[in-house]
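The next block holds one structure in the form of structure tokens; read it before the comments.
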Amino acid sequence: MTVKKQSVEDLLGYNKFNADEKNPHIVIDKALCAQCTDKPCLVACPAVLYRQKGENSEVTFDHLGCLECGTCRIVCHNHGNKGIVKWDYPVGTFGISYRYG
Amino acid sequence: MSDEEKLDVIIVGGGLAGLAAAYVLAKAGKEVVLIERGTACGNKNMTGGRLYVYSLLSLLGPELLAEAPLERAIVKEQITMVSATGGMTLDYTDYSFKEGIPQSYSILRSVFDDWLAGKAEEAGAMIVTGIHVDKIMEKNGKIVGVDAAGEEMFADTVIAADGVNSFMAQQAGLRNDLTSREVGVGVKEMIELPEEVINSRFGLQAGEGATRLFVGVSNGISGGGFLYTNKSSLSLGLVVNSRGLGNQRKKLHTLMQEFKMHPAVYPLLDGGKTVEYAAHLVNELGFVGLPQQLYRDGLVVIGDAAGFVINMGNTIRGMDLAIWSGIAVAKAILEARTSAEVGPRYMENIERDLIPTMKVYQSYPKLLEIPRMFTEYPKLANDMMHYLFAVDGSVPPKLSKAMLGIVKNNVSLGSLLSDGWKGVTSL
């Protein structure tokens, strides 16, 4: 198999994660997100963890697969409706573990 | 831990800045604990990149440097202006860059940071991994320690080396949260490719490396693509300004995939296999983005947490400055007679060794905010090359007329003049 266009799910599948299923380190307030016109998180998250099915559907977020970069917080708080109400790193040992970096 | 069991120094963050400080301090006999949230140092770090070795050399000396897990000594510096159908590449090769102690190496952070952590441990530093520092502790206006997963630890000096998002510097009131103008987001695929294939594809001898910058691949956002050759892999990625990213509608993931499959990029990767997908924020403002104050009584901020980056346009330097700032804080601690003296002495070291270089490049980010740099100008360059090399049997316009037409097709004369003026005054 050679290099090809890949889905984000495939790309995240290469990574080593220690998933903290129960404690999301990032939390969104869906009511605030619903009123957000730009929704910059949808394009800015490199792992595409913020999603919206249709124009009027709610924004959903999954913290598993997070690369812990912080981009979502920055764009949300600068261009969005501040729907990200908590942003922290995962508890020690949890989250992404880059093997190459 | 009670107040009596106070350490000399607590360092939060096992990246290059924190590890450099830990190494120097431990070697000098200080009681140092470094706390890293990853399972090993470097696990949470990534680079699109290369390390300029001067500060690492100063930290380790030539003998230990020779043992360091560095990938390839960079001798080829390439820039590709990408067009829809191909691209124009500048290729600068300079073998003096690898003479004696080479000027820069590509590195893998997970590998390199872990190695450096081992050296700091051998020197006597205590490295605690897998613990996230939740907050700094204050007493009578002085920072006295940290709270890490419920355990309180005290020290004369706390060093915040917790990276670009630095919640410690924010909690200490030294910095506001990042704005989207000041940070870019870097996304990267690690692509494995046999060593000999990389050598022949890029025209390299064993141990030599190439870097390439791609302009015109960022959907008009301030930023570009990068490629670094590692020993048997390529680091391929994009860095785009987060404000620009949030203001358009294409997913970063899509931009990255389109970049990877571009006809000017793909042949370099062909046959390779992606093995990791990473992302990280990059401070882009350099000197202008530095916080007013980088210390408080009992706390010093270093590395990315302090915003030590130089945006040269063709590259962003940060890792060398991180090491430099780690050395600077360690020296300050060793020189200071009281802990209150540490901050001011650190600033003296920084003002002397780091700030002057940052000032030279302080206007570059302004130049990089000109949107035409990322669409019209790369296209213009390619259109000119197209005129020079395309032959289809018809009678071509004269050179001067053709060139003027190409310029006019891409930018207005006013923009050209104003961008040129900005260029002259910024550089």
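In what follows, chains carry the letters A, B, and so on, assigned in the order in which the sequence lines appear, proteins first and then strands, with residues in each chain numbered from 1.
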**Study point:** Side chain / backbone / both / neither for B/Lys44 at chain A, heavy atoms under 4.5 Å
**Key:** both

Review point. If you take all heavy atoms of B/Thr39 and A/Ser97, which pair is closest and at what distance?
Key: OG1-OG, 3.5 Å

Practice item. Would you confirm whether B/Tyr266, through its side chain, and A/Val3, through its main-chain N or O, come within 3.5 Å as a donor-acceptor pair? Key: yes

Point to revise | Minimum side-chain heavy-atom gap A/Leu11-B/His253 below 4.5 Å | key: yes

Check your understanding: What residue, out of A/Arg73, A/His77, A/Glu68, A/Lys16, has the most heavy-atom pairs lying under 4.5 Å from chain B?
Key -> A/Arg73

Practice item. Please work out which of the three classes, parallel, tilted or perpendicular, describes the rings of B/Phe167 and A/Trp87, given edges at 30° and 60°. Key: tilted

**Study point:** Atom group of B/Val275 that falls short of 4.5 Å from chain A, counting heavy atoms
**Key:** both

Check your understanding: Can you tell which of B/Thr254, B/Leu193, B/Asn165 has the highest number of heavy-atom pairs within less than 4.5 Å of chain A?
Key -> B/Asn165

Practice item. Examine whether an atom of B/Asp177 lies under 4.5 Å from a heavy atom of chain A, and if so say whether it belongs to the side chain, the backbone or both; otherwise answer neither. Key: side chain

Review point. If you tally heavy-atom pairs under 4.5 Å against chain A, which of B/Gln248, B/Glu258, B/Lys188, B/Arg243 wins?
Key: B/Arg243

Check your understanding: Measuring from B/Glu189:CD to A/Tyr14:OH, what's the distance to the nearest 0.5 Å?
Key -> 8.0 Å

Revision key, fill the gap. From the list B/Thr179, B/Val111, B/Ile131, B/Thr47, the residue making the most non-hydrogen contacts under 4.5 Å with chain A is B/Thr179

Review point. Do the side chain of A/His79 and the main chain of B/Gly246 share a donor and acceptor less than 3.5 angstrom apart?
Key: no

Exercise for review: Over all heavy atoms of both residues, which pair between A/Pro46 and B/Leu252 is shortest? Give the atoms and the distance, please.
Suggested key: CB-CD2, 3.9 Å

Point to revise | Proximity breakdown for B/Arg181 and chain A, heavy-atom pairs closer than 4.5 Å | key: neither

Check your understanding: Can you say whether B/Glu36 sits under 4.5 Å from chain A via the side chain, the backbone, both, or neither, judging by heavy atoms?
Key -> neither

Practice item. Examine whether an atom of B/Phe112 lies under 4.5 Å from a heavy atom of chain A, and if so say whether it belongs to the side chain, the backbone or both; otherwise answer neither. Key: neither

Check your understanding: Does the side chain of B/Asn230 come under 3.5 Å of the side chain of A/Tyr100 through a donor N or O and an acceptor N or O?
Key -> no

Exercise for review: Could you tell me whether the side chain of A/Pro90 reaches within less than 4.5 Å of the side chain of B/Arg37, counting heavy atoms only?
Suggested key: yes

Review point. Measuring heavy-atom distances to chain A, does B/Glu182 have an atom under 4.5 Å in its side chain, in its backbone, in both, or in neither?
Key: neither

Exercise for review: Heavy-atom distances under 4.5 Å only: say whether A/Val48 touches chain B with side chain, backbone, both or neither.
Suggested key: side chain

Check your understanding: chain B: which of A/Cys45, A/Cys76, A/Gly13, A/Ser7 shares the most heavy-atom pairs with it under 4.5 Å?
Key -> A/Ser7

Check your understanding: Taking B/Glu276 for the side chain and A/Arg99 for the main chain, is one N or O donor matched with an acceptor at less than 3.5 Å?
Key -> yes

Check your understanding: Do B/Lys260 and A/Lys5 come within less than 4.5 Å of each other through their side chains, counting heavy atoms only?
Key -> no

Check your understanding: Where the side chain of B/Tyr277 meets the backbone of A/Leu67, is there a donor-acceptor pair that is under 3.5 Å apart?
Key -> no

Review point. So what's closer than 4.5 Å to chain A heavy atoms on B/Asn247: side chain, backbone, both or neither?
Key: side chain

Exercise for review: Measure from NZ or CZ of B/Arg109 to the centre of the six-membered ring of A/Tyr98 and say whether it is under 6.0 Å with the direction within 45° of the ring axis.
Suggested key: no

Revision key, fill the gap. If one checks every heavy atom of B/Ala149 against chain A at 4.5 Å, the contacting part turns out to be neither

Practice item. Drop me the distance from A/Asp10's CG to B/Thr274's OG1, to the nearest 0.5 angstrom. Key: 10.0 Å

Check your understanding: Taking A/Thr71 as the fixed residue, which of B/Leu178, B/Leu281, B/Val183 is the one that meets the side-chain contact (heavy atoms from CB on, under 4.5 Å) rule?
Key -> B/Leu281

Exercise for review: Might you confirm whether atom CE of B/Met261 has over 12 heavy atoms from other residues, nucleotides or ligands at distances under 6.0 Å?
Suggested key: yes

